[in-house]
Amino acid sequence: MIHHPLRRALPAAVAALTICAVTSALPAKPLAAADLVTDDRVDVADTKLPEELLTHEGSAIYYDDGDGKVTGFFSLSPNFLLGDVNGDSLVNASDASLVLVASTLMGTGTDAETAWRMAFDGVYMPEELAARFGDTDGNGSVDAADASDILVNSVETGVGNARPIGTVDYCADSQGYLHASAFVLDSTSGKLYHTNADYTVTTGAFTYAGSSYLTDADGALYTETWVDDADGRVYYGEDGAKVTNALLRLDDGVFYVDADGHPLTGRQSLAEGEFIFGDDGAAMTGWINADNAVYYAREDGALVRSFQQIDGATYYFFNDSYRMAKGWVNMAQGKLYFLPSSGAMATGLCTVDGTVRYFAADGVMQTGLVTDGENTYLFDGDGAQLTGMQNVDGRDYYFDPETGAMATGWVTSEDGTRYCGQDGEVCIGWTDIGGTMYYFRSTGVMVTGDVPIDGKIYRFGDDGAFQTEVLVSNMSVKDQINTYSAPMKMSMPVHNVQKDPMTLDFTLYLRDEDIANIEAFAAEHFTDDMTLYDKLYTIHQWIHYENEYAYAGPKWNEICDLTYTDAIFNHKKGQCVQYNGAMALFLAYYGFDVYMVRGWTNPGVQHYWTEVNLGGKVYVVECGNSGKNGDWWQSFFKEIDGLGQAYYTGK
């Protein structure tokens, strides 16, 4: 008797998602006796069915190759399940003929069971199995279409198809058991498989529990890999499901895939942060140049914001745009500067646009006195470094023109020698240094030679050490002027000698705007090689020849309410009080003991002029007028008998 195997109706109870370990894979082979069995053997004596095809509801299904249960992925070639109805392990015209015979007999009123016995030499087969066994196309009936299907299979098998029709793949767990509608892992190959309801391995694309899956040609699920599709590439995760709407952190980079599973490109705002993805979908990391700006992304691809320490330097990235800052940035704590060349935050002494500034460790620009290590520096309100002689809170300091550091001890520069105390304060006036007396001008410069001080002449050696007092008569007026040194005089009296006795007419003050006008004039008209005498004579002559006498009327109205220096230096107009008042303020700027006098030129003709006490004597410094009415009175340090004793008789 020939045994006729049949396609089994496997139980559907094992439908849960299961991932199991397996151990081996077998080549395709035909089923043999005792191949597919259950744990609970069924007595075949009454059924007359082949033992290897038995099934039992609720049984655990496995495949025994004769050496025990097979685990892992394996393939069988049960061609008889697809039409090898005569059991000769071939699918050919003989099988098609038998199907046609059986279908014809069944179609003439003979029940299926009888028809199969008649067609297959009396082999017993229950009706429900007989009908299904010949239904190779699965349409619910056994007919000529099934015979045709068998012929097609025989042709494909005959030409040597590598996976001939009829080959079936399975994947058993580590115990050798098969599962229906489940995920099974082959631990030997590391590949993951999915099974259908009939325990066979699923192939191609399929959906399970709302997720999409795809297998290779052998049925192994794509896991942890990119796979190209018609619109690009998609990524299948560890469980084999296509990943969508998620950030992927992979060995080859960080990606974000959309609802279709395709990687996004360009700049993206995600819940995990801000990212810039390249054309390949991978998030850019490190320094990034994009959109005419510079960004920095961590290793996970997220752009950084605020202050960041990168390779030992500090950078700032704006919180709204993530763009790296360059140049000036105003913060709540102050102004910061980031180098345009690199974006690194400036600290310590830095030259910004040609100006030296100082930035603290937190990057904030500093003003005022700043100590850095052993050196102290000075910066103005705008943060620019100040050098040379500087007054801070009423105290004078000297800052090296080259380094900007506050000086202590003896300091020699182009304009002379100074002495600074241990606290940096510059010595002014008489100073005892190591038991030797020195004298320092208001600029801090040490004097040498014969110098007038407070109406007396003193002699100092080439090293500045005081030697002796010198009679004033031994020095010319010009020498006295050129060696004169005294602090700026901020006010002076105006004596009224029209009255007897003489009274104080008013007090003239050297104001900030006067100082500004004087220094502006000096910057325009004085040169470095001019002596103090040359400077005073230059201004004396300029006032005399470059100004217009403001007679009563529009010209007087233009300057009558202005300061003397404003009227003379800016408007170039005035009367005697403006002419000589401007000269007096210029002398006060250089510290001379100067005052003005209100007197007469001729009986009844009022006039103002300037006088100076120098070396115990009184000198007139008169700035007259040179105009359409002739050259009026002018004198430059003309000695007189005493205060107010000038006598004018004409030009």
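Counting from 1, the numbers follow the sequence of the chain as shown. Please read all numbers here as calculations on a predicted model, not as lab measurements.
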Give a yes or no on this: more than 12 heavy atoms of other residues, nucleotides or ligands lie within 6.0 Å of atom CD of E402. no
Look at the aromatic rings of F521 and F526 and report parallel, tilted or perpendicular, splitting at 30° and 60°. perpendicular
Should we say atom CZ of F318 is surrounded by more than 12 heavy atoms from elsewhere, each under 6.0 Å from it? yes
Counting only N and O atoms by type, is there a donor-acceptor contact under 3.5 Å from the side chain of N319 to the main-chain atoms of R305? no
Taking all non-hydrogen atoms of both residues, which atom of G435 and which atom of D432 are closest, and how far apart? N-OD1, 2.9 Å
Would you indicate whether D641, at its atom CG, is surrounded by more than 12 heavy atoms from other residues, nucleotides or ligands within a distance under 6.0 Å? no
N/O donor-acceptor pair under 3.5 Å between R441 side chain and T483 backbone: yes
Y398-S413 side chain donor-acceptor pair, cut-off 3.5 Å: yes
Just by modelled atom types, is the K573 backbone N or O under 3.5 Å from a matching donor or acceptor in the E548 side chain? no
Would you name the heavy atoms of I288 and A297 that are closest together and state the gap between them? CD1-CB, 3.9 Å
Classify the ring geometry of F338 against F307: parallel below 30°, tilted from 30° to 60°, perpendicular beyond 60°. tilted
Classify the side-chain pair R267/Y322 by whether it contains a donor and acceptor separated by less than 3.5 Å. no
Ring pair (Phe, Tyr, Trp, His ring centres under 6.0 Å) partner of W430, chosen from F440, Y438, F460: F460
Is it true that atom CG of D512 has more than 12 heavy atoms of other residues, nucleotides or ligands lying nearer than 6.0 Å? no
I'd like to know whether Y579 forms a side-chain hydrogen bond (donor to acceptor under 3.5 Å, both in side chains) with N547, so could you lay out the CA-CA distance, the side-chain angles of the two residues, the decisive distance to 0.1 Å, and finally the verdict. CA-CA 8 Å; Y579 279 60; N547 281 269; 5.5 Å; no
Hey, does the side chain of D380 reach the backbone of D382 with a donor-acceptor pair shorter than 3.5 angstrom? yes
With rounding to the nearest 0.5 Å, note down the distance linking CZ in R511 to CG in D566. 13.0 Å
Donor + acceptor pair across side chains of E622, H607 (<3.5 Å): yes
Going by atom types only, do E611 and Y595 share a side-chain donor-acceptor pair under 3.5 Å? yes
Describe, in one word, how the ring planes of Y358 and Y377 are oriented to each other, choosing from parallel (under 30°), tilted (30 to 60°) and perpendicular (over 60°). parallel
Tell me whether D462 at atom CG has more than 12 heavy atoms from other residues, nucleotides or ligands lying less than 6.0 Å away. no
Would you call the rings of F586 and Y589 parallel, tilted or perpendicular, taking 30° and 60° as the class edges? tilted
Specify whether Y537 and F636 have parallel, tilted or perpendicular ring planes, treating 30° as the upper limit for parallel and 60° as the lower limit for perpendicular. perpendicular
Ignoring hydrogens and angles, tell me if any N or O in the side chain of Q467 forms a donor-acceptor pair with the backbone of A465 under 3.5 Å. no
Tell me if a side-chain donor or acceptor on D280 pairs with a main-chain N or O of A282 at a distance below 3.5 Å. yes
